[in-house]
Amino acid sequence: MRRVVRWTLNTTLGLVWFVVALGLVSGQENGPVDWWRLGPALALVVVFTVLFLRVTKAILDRRYAKRELIAGAVIALVVAVVGPGAPTSWSFVAFAWLSIAAIGVRVRTAWILSIATLAVMGPLNGYQMIVFTAEADSATRAGILVGSFAYTALMCATLPWANRLWVWIWRIAEEAHEGREAQARLAVAEERLRFARDLHDLVGHQLSAIAVKSELAVRLGGDTPASAEMAEVRGLARTALRELREAVKGYRQLDLTAELASVRGVLEAAGIACDLKLPYREAPGDTAPVFAWVVREAVTNVLRHSTATTCEITLRLTSEETILEVRNNGVQKDAVKNGEGSGLAGLAERLGAVGGKLTAEPDRKGGFVLRAAAPAAREPALAGRS
């Protein structure tokens, strides 16, 4: 779907060159071409092509290439003024610019861009059409002016929304795919927790019973070979129980992705709008379970100690550290006064185990920010010491 959207957006660029070439061919009937105008106009269209490709790449990367779009708008306007021949062919550059400038912005902004383009290109095309058809009679020129304005209005009303539709379909498909993956990861996490619980309750109980019974047998048997064998059974049972608990502890580690999906549903069910700002790649393996506990405790505090209506969870991965921020618009007064009740001390200990740190404090906007930071990668020596 991403490839289809990329080719669809770039098809508009192909239409630019087709319409320009068609205008040059039709303009030859009106006399020789003004090369001093054609050369710069074609050079600017080449530059516009490069900018257009960079903007479409940014769109697929979920960025808004503001500088490229500003430069493209200037080039489109200059081309519409300088380009020789039929004005409607060179003005298509501006319509192509609008078709990508209206992507990645709000609907209101897209309408403003469309109306602004119509307000600029409509009179400009009309004036140039008057110059271009100077030898025609007044009735013909009036019809051409009406047709030129209708053409401009049609381009401004269709091209932006057609491309926005394709990008919207692609993002819906991407979100559906990510939703299926998140659902699968959540199902795996739930199964891991169920398996760990059953393993601990069933096998752990039996091993504990074996250890207790063997201890009793050693005491009752006295100093005999059978007592020595039972002592060995007791040691094996205790070792197996310890290893079982370590394995269960690993299975019970939280999954960060599943936890984020879970807390989002809990917050939205409580009437709190949740905004997740996540990178394309996942957090490192040693910090992800710790950050999952941070997310769970932070959201619990939001529900218990705040009057928040919005909650923003941001995860940033840099070359030096991994940062998690949970920000809400309701100050958690109880959490600030009583750190033990909020569980912040326990979170700080968990982060300290991976070389990280935790801060929690109100911000200047009447909200509360909990920030957890951990090194992106630990050195083997440090890991060994911890």
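Residues: numbered from 1 along the sequence shown. Predicted, not measured: the structure shown is a model, and the values here were computed from it.
- Heavy atoms of other residues, nucleotides or ligands lying less than 6.0 angstrom from OH of Tyr64 number more than 12.
- Looking at Arg296, its side chain never comes within 3.5 Å of a backbone N or O of Val263 through a donor-acceptor pair.
- Asn329 places a side-chain N or O within donor-acceptor distance of the main-chain N or O of Thr310, the cut-off being under 3.5 Å.
- With hydrogens and angles left out, the side-chain atoms of Ser148 and Asn125 include no donor and acceptor closer than 3.5 Å.
- There is no path of hydrophobic side-chain contacts, each under 4.5 Å, that joins Leu124 to Phe149.
- Contacts classified as side-chain hydrogen bond (donor to acceptor under 3.5 Å, both in side chains) and involving residues 106-122 (residues at least two apart or in different chains) are not found.
- The 12-atom threshold is exceeded at CZ of Arg371, counting heavy atoms of other residues, nucleotides or ligands nearer than 6.0 Å.
- Aromatic ring centroids of Phe92 and Tyr151 lie 6.0 Å or more apart.
- Rounding to the nearest 0.5 Å places CG of Leu358 at 5.0 Å from CG of Leu370.
- In this structure, Arg2 fails the cation-pi test against Trp166, since its NZ or CZ atom is not both closer than 6.0 Å to the six-membered ring centre and inside 45 degrees of the ring normal.
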Could you go step by step and tell me if Ile70 and Glu68 meet the side-chain contact (heavy atoms from CB on, under 4.5 Å) rule? CA-CA 6 Å; Ile70 293 175; Glu68 287 82 355; over 6 Å; no
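- Under a hydrophobic-cluster definition in which Ile, Leu, Val, Met, Phe, Trp and Tyr are linked whenever side-chain heavy atoms come within less than 4.5 Å, directly or via other members, Leu351 and Val369 are assigned to different clusters.
- The shortest distance between side-chain heavy atoms of Glu321 and Pro375 does not fall below 4.5 Å.
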Quick one: do Thr56 and Phe52 satisfy side-chain contact (heavy atoms from CB on, under 4.5 Å)? Show the steps, please. CA-CA 6 Å; Thr56 55; Phe52 190 98; 3.6 Å; yes
